[in-house]
Amino acid sequence: MPSLIDIRRRVRSVRNTQQITKAMKMISAARLRKAQERALAARPYGAMLRQILANVAEAAGQSPDAGAHPLLAQRPEKKILVVMITADRGLAGGFNANLLKLAQRFVNDHKGADLSFELIGRKGRDYFRKRGARMTGEHLDMMQNLNVAYANKIADSIIERFSAGEVDAVYLFVNEFKSVMAPTLAETRLLPIEVPQSQGAVDYIYEQKPEELLGTLLPRYIRLQIYRALLESVAAEHAARMSAMDAASSNASDVIDKLTLYMNRVRQASITREIIEIVSGAAALG
Amino acid sequence: MADSFQIDIATPEKLILRQAAESAQIPGKDGYMGILPGHAALLSELGEGTLSVTSGGQTKNFTISGGYVEIRDNHVRVLPDSAE
């Protein structure tokens, strides 16, 4: 039978852990709120840009001298770039593991293709480095202060590689923030671009030719998607960590309750034993 | 004809302005454009310069660079790469 002191020690240790998980939960909740605000603030621009792109693409498609833009070029997918956004840290439930599983399945399905990786976030980097994958870029510790300039830099380097024909397709793997409860895994093809559908053509006065506008709009659309994916991932990460830490805290409470109950029982048993010893000792004397 | 129009200014990071206005000066790529209510649908790239929005006798100025402006149904949407 374990001694009372041992059990008490365990209770204390679990309680300490619970304090940490509680604190982490609070921190994640605060960061989640901030991340959600940023994601929300970025939404109007995204919606408007998408609409303009759809309208311009339709207009450019109708004009007679429409050469297909390089970013729309469909090539046989021999060289594929995988862009994956994971978290820099763990302790976020299945946040990283589920995305890695999805990406690994993609890798298994494309054994014949020449795959390279652009990895954002330490967890994804570590995973693919261990497996000896060819990495073209890694971006660590950028989630804490996410900015448009850095997101654009990543986007531009991807665009450049695609335009130069170094890769034939670019796929993006990211956790999207749909609800606080669980992140949604998303696998999307970033390049070649699938132009969003326009809802009825608008007869604009064009200051520049539609084809010219399209040429500058498409790279901006990629930048937008990367930036949006980063914002989503950060929000989803904090949401995932918050619920993981919440679960951990309530598990700790359960463990503490169980241990306390056990501890009382042990104490009770030892008291009973002592009484028996005294009583039987007295009986022997008498 | 309406005597004001709706103007939205949004950068990739956030919405900067969303209000009704009576006139606006927008730095297009090929020169400044003056916008009044009831403007025809227009789409242009933005240049660098000062965007000013006048409403109720008050003028707000923003320094913007790059991006697009779309005008449609008496609604001006300005999407600069950066704005201050």
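Sequence lines set the chain letters: A, B, ... in the order given, protein chains first and strands last, and positions in each chain run from 1. Small disclaimer: the values here were computed from a predicted structure and weren't measured.
Side-chain contact between Tyr45(A) and Lys14(B): absent, with no pair of heavy atoms (C-beta onward) separated by less than 4.5 Å. Taking 4.5 Å as the limit, every side-chain heavy atom of Glu207(A) sits out of range of all side-chain heavy atoms of Leu43(B).
Contact of Leu213(A) with chain B is made through backbone and side chain together, with heavy-atom distances under 4.5 Å. Proximity to chain B (any heavy atom under 4.5 Å) is restricted, for Gln51(A), to the side chain, taken from C-beta onward. Looking at Asp73(B), there are no atoms closer than 4.5 Å to chain A (heavy atoms on both sides), in backbone or side chain. Proximity to chain A is limited to the backbone of Ile71(B), based on heavy atoms less than 4.5 angstrom apart.
Listed in order of number, the residues of residues 56-63 of chain B that approach chain A to under 4.5 Å between heavy atoms amount to none.
Asn147(A) and Glu13(B) share no donor-acceptor pair across their side chains, judged by distance under 3.5 Å alone.
Enclosure of atom CD in Gln19(B) by more than 12 non-hydrogen atoms of other residues, nucleotides or ligands within 6.0 angstrom is indicated. At most 12 non-hydrogen atoms from other residues, nucleotides or ligands lie less than 6.0 angstrom from CZ of Arg89(A). In the displayed structure, Arg189(A) atom CZ is contacted under 6.0 Å by more than 12 heavy atoms of other residues, nucleotides or ligands.
Distance check, rounded to the nearest 0.5 Å: CG of Leu40(A) to CG of Leu15(B) gives 10.5 Å. Rounded to the nearest 0.5 Å, atoms CZ (Arg223(A)) and CG (Asp81(B)) are 6.5 Å apart. The OH atom of Tyr68(B) lies 14.5 Å from the CE atom of Met48(A); values are rounded to the nearest 0.5 Å.
The minimum heavy-atom distance between Leu79(B) and Ile52(A), with the atom names listed, is CD1-CD1, 3.6 Å.
Interface remark: of the candidates Ala41(B), Ser82(B), Ala10(B), Gly66(B), Ala41(B) forms the most heavy-atom pairs closer than 4.5 Å to chain A. Taking Asp8(B), Ile9(B), Thr11(B) one by one and counting their heavy-atom pairs under 4.5 Å with chain A, the maximum is reached by Thr11(B).
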Donor-acceptor pairs under 3.5 Å, side chain of residues 227-235 of chain A to any protein atom, not counting sequence neighbours: which ones?
from: Arg228(A); atom 1: NH1; to: Glu232(A); atom 2: OE2; distance (Å): 3.4
from: Arg228(A); atom 1: NH2; to: Glu176(A); atom 2: OE2; distance (Å): 3.4
from: Glu232(A); atom 1: OE1; to: Phe177(A); atom 2: N; distance (Å): 2.7

